[in-house]
Amino acid sequence: MTTRFDVWAPRPSRVRLAVADEVVEMTLLDGGWWTPVGPVPDGEVDYGYLLDDDETPRPDPRSLRQPAGVHERSRTYDPSAFAWTDAAWTGRQLAGSVIYELHIGTFTPEGTFDAALGKLDHLRSIGVDLVEVMPVNAVNGTHNWGYDGVLWSAVTESYGGPEGYQRFVDGCHAAGLGVIQDVVYNHLGPSGNYLPLYGPYLKTGANTWGDLVNLDEEGSAEVRRLILDNVRLWLHDYHVDGLRLDAVHALADSSPTHLLEEMAIEVASLSAHQRRPLTLIAESDLNDPVMVTPREAGGYGLDAQWSDDFHHAVHVALTGETEGYYADFEPLGALAKVFERGFFHDGTYSSFRERDHGVPIDTAAMGTWRLVVCSQNHDQIGNRAVGDRITEVLDDDQLACAALLTLAGPFTPMLFQGEEWAAAEPFQFFTSHPEPELAKATAEGRIKEFEKMGWDPAVVPDPQDPETFERSKLDWSQLETGRHARLLAVYRRLAELRRTLPELTDPSFSLTSTRVDEEARTFVLERGAVTVALNLGEEPVSLEVRPGELLFETEAGASLSGTTLELPAHAGALLR
């Protein structure tokens with residue numbers, strides 16, 4: 001049984017605890033753990049570790065608070081001291097739900113957990129069930145997307161720290177909303193990572209974002225335990241309802257039981273004990289259903305995974321953009337395949353990757369809700385040259401069609417902050433690295449990243465410029481005016497339909513069929529008794545559809561006479 005100041009540090013030959021104004025010697029236990037040999041203070045206190053002869057205190061690898069930043073001492077925090085009010089909360093299952101992705105720092109002008117609580121009624125009005133929060137763990141600097149974190153368990157102070165986070169989760173539950181936390185276990189950020197001074201947290205090799213985390217070499221048992229304990233921290237101590245696992249394809253793990261499967265095992269146990277659903281969602285670039293295949297059938301047993309193919313197919317169908325990884329999605333047949341089979345690349349050739357890619361989904365066995373889809377998200381907006389939203393190039397009808405495909409389609413819909421009112425602000429990549437050399441490298445890396453997509457590097461905003469961050473903040477004054485109000489009404493109507501039409505949440509692939517006309521640019525989706533029809537072309541069209549009642553139409557309108565549906569250019573409709 002460890003005490004609160006015990007630390008795993010097999011690398012140094014001497015470890016001392018610098019706590020408050022004292023330095024306490026530590027002694028080595030079995031397995032590379034150190035424990036204080038003298039008395040230590042009670043209550044909240046700042047502390048760090050002196051490794052070997054270094055007199056600079058280093059933060060705790062399991063730190064829960066970093067009030068002075070990632071380079072300074074940690075501060076103790078007791079999550080169990082929070083006065084929760086959610087004892088009656090029974091959770092939200094992913095199947096049938098709508099997710100809303102947000103970045104705490106740009107979601108409101110204040111950029112805090114407490115300010116975000118003031119917007120929960122708005123989220124409920126558009127049918128949101130689960131709020132997905134981009135990473136909130138400690139990073140260097142004042143603002144960041146969150147994916148350069150170095151202390152996985154410390155909630156960033158600028159948002160409100162761990163107690164502010166608990167108030168946010170508690171408030172979401174009071175409003176009937178679950179919380180999904182975005183977490184990053186595939187790399188550590190470039191500034192403030194002192195873990196290698198303690199032990200073999202990293203191993204030889206690198207992925208796109210940094211050195212590989214040691215999941216399968218000497219010492220990896222404790223590294224894995226740190227990750228699994230972090231999973232438990234969010235789900236148990238902070239009452240979170242699910243985790244979005246960033247870029248799991250970058251987890252290099254050759255262990256007999258993959259980290260993801262081990263995670264699924266432990267989360268299933270915790271879920272059973274708490275008697276509420278706990279959800280694990282993978283962001284995976286592999287297009288491999290092994291992620292969400294139950295363990296009984298040889299899979300990892302996660303609940304769901306993101307489907308970029310859906311985004312790409314919708315984006316190309318609406319914008320006509322075919323550069324880079326969009327190239328293969330030019331035919332409307334790509335959109336049809338995604339709806340009927342889940343992945344477009346399911347063993348087919350990917351021109352962007354220059355190889356075959358993906359594995360087919362067993363559509364007879366897998367539920368459609370296991371794929372989380374969107375028409376916009378932080379990556380697909382923020383990783384564009386100028387972080388521009390599709391609102392820049394699409395008219396109101398086209399934006400409503402994007403919402404219709406996402407919210408009336410067979411998969412789990414995810415919305416990105418502000419899309420529901422056609423927010424005018426971009427979502428750009430921003431950082432605040434204090435180190436000049438790191439700031440320069442980040443800016444240069446962004447420009448190089450866009451070469452293959454064919455975007456103009458001259459227009460890429462400087463991630464370090466504070467204005468890049470400020471430009472990305474939502475302007476909530478837009479909601480009641482012009483196109484913003486019109487689009488918001490669309491999302492609210494579609495939310496109402498999802499609540500009333502069982503076909504829109506039915507998880508069966510077999511319920512879904514499509515037909516396309518490549519020349520006329522029309523797309524018809526049938527889900528049981530529901531028909532969704534879109535005219536993606538530039539001329540009005542007449543479509544033969546099944547008899548039904550017109551329940552939704554985009555701004556340009558639609559007319560139904562018997563089984564003939566008239567759609568203007570860019571318009572869409574839903575019938576039942």
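Between the side chains of His103 and Gln417, not a single donor N or O lies within less than 3.5 Å of an accepting N or O. No hydrogens or angles considered: a donor-acceptor pair under 3.5 Å links the side chains of Glu340 and Thr514. A donor-acceptor pair shorter than 3.5 Å cannot be found between the side chains of His345 and Tyr325. In summary, the side chains of His173 and Asp241 do present a donor paired with an acceptor at a separation below 3.5 Å, with no hydrogens or angles considered. No hydrogens or angles considered: a donor-acceptor pair under 3.5 Å links the side chains of Glu538 and His570. Remark: the Asp246 side chain and the Asn186 side chain contain an N/O donor-acceptor pair separated by less than 3.5 Å. At a cut-off of 3.5 Å, with distance as the only test, no side-chain donor of Arg92 or Ser97 sits close to an acceptor on the other residue. Between the side chains of Gln428 and Ser472, no donor-acceptor pair is found at a separation under 3.5 Å. Side-chain atoms of Thr85 and Asp170 form a donor-acceptor pair, as typed in the model, at a separation below 3.5 Å. In the model, Asp86 has a side-chain atom that pairs as donor or acceptor with a side-chain atom of His239 under 3.5 Å. Side-chain contact of Ser307 with Asp309: a donor-acceptor pair under 3.5 Å is absent, judged by distance alone.
Put simply, the residue from Phe107, Trp476, Tyr491 that forms a ring pair (Phe, Tyr, Trp, His ring centres under 6.0 Å) with His122 is Trp476. For the ring pair (Phe, Tyr, Trp, His ring centres under 6.0 Å) criterion with Phe344, the lone passing option out of Phe352, Phe310, Phe329 is Phe329. Among Trp84, Phe168, Phe82, Tyr165, the one residue that satisfies the ring pair (Phe, Tyr, Trp, His ring centres under 6.0 Å) test with Tyr238 is Tyr165. For the side-chain contact (heavy atoms from CB on, under 4.5 Å) with Phe411, the lone residue among Thr406, Val372, Val373 that qualifies is Val373.
Surrounding CD of Glu519 are at most 12 heavy atoms belonging to other residues, nucleotides or ligands under 6.0 Å away. Heavy-atom contacts from other residues, nucleotides or ligands closer than 6.0 Å to CZ of Arg341 number 12 or fewer. Annotation: Gln478, atom CD; neighbour count of heavy atoms from other residues, nucleotides and ligands within 6.0 Å is above 12.
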Yes or no on side-chain contact (heavy atoms from CB on, under 4.5 Å) for Leu560 and Val545, after CA distance, side-chain angles and deciding distance?
-> CA-CA 9 Å; Leu560 180 64; Val545 294; 4.0 Å; yes
Test log, rule side-chain contact (heavy atoms from CB on, under 4.5 Å), inputs Lys119 and Tyr100 | CA-CA 12 Å; Lys119 306 300 183 184; Tyr100 188 95; over 6 Å; no
Starting from the C-alpha separation in whole Å, work towards a yes-or-no answer on side-chain contact (heavy atoms from CB on, under 4.5 Å) for Arg370 and Met291.
-> CA-CA 10 Å; Arg370 292 193 183 277; Met291 296 289 170; over 6 Å; no
Going through the checks in order, is the side-chain contact (heavy atoms from CB on, under 4.5 Å) test met by Glu132 and Gln181?
-> CA-CA 6 Å; Glu132 181 172 313; Gln181 182 56 57; over 6 Å; no
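A pairwise comparison of heavy atoms in Thr112 and Ile104 identifies C-CG2, 3.7 Å as the closest pair.
At least one donor-acceptor pair closer than 3.5 Å links the side chain of Ser271 to the backbone N or O of Arg276. The backbone N or O of Gly333 lies less than 3.5 Å from a partner atom in the side chain of Glu518, making a donor-acceptor pair. Not one N or O on the side chain of Glu330 forms a donor-acceptor pair closer than 3.5 Å with the backbone of Ala327. Side-chain atoms of Trp152 come within 3.5 Å of backbone atoms of Val184 as a donor-acceptor pair (strictly under, hydrogens ignored). A donor-acceptor contact shorter than 3.5 Å links the side chain of His357 to the backbone of Asp285.
For Phe469, the ring-ring contact (aromatic ring centres under 6.0 Å, His included) test picks out His143, Phe430, with sequence neighbours left out. For Ala282, the side chain to side chain contact (heavy atoms under 4.5 Å, CB included) partners two or more places apart in sequence, or in a different chain, are Val248, Leu302, Gln305.
When ring centroids are compared, His315 and Tyr326 come within the 6.0 Å threshold.
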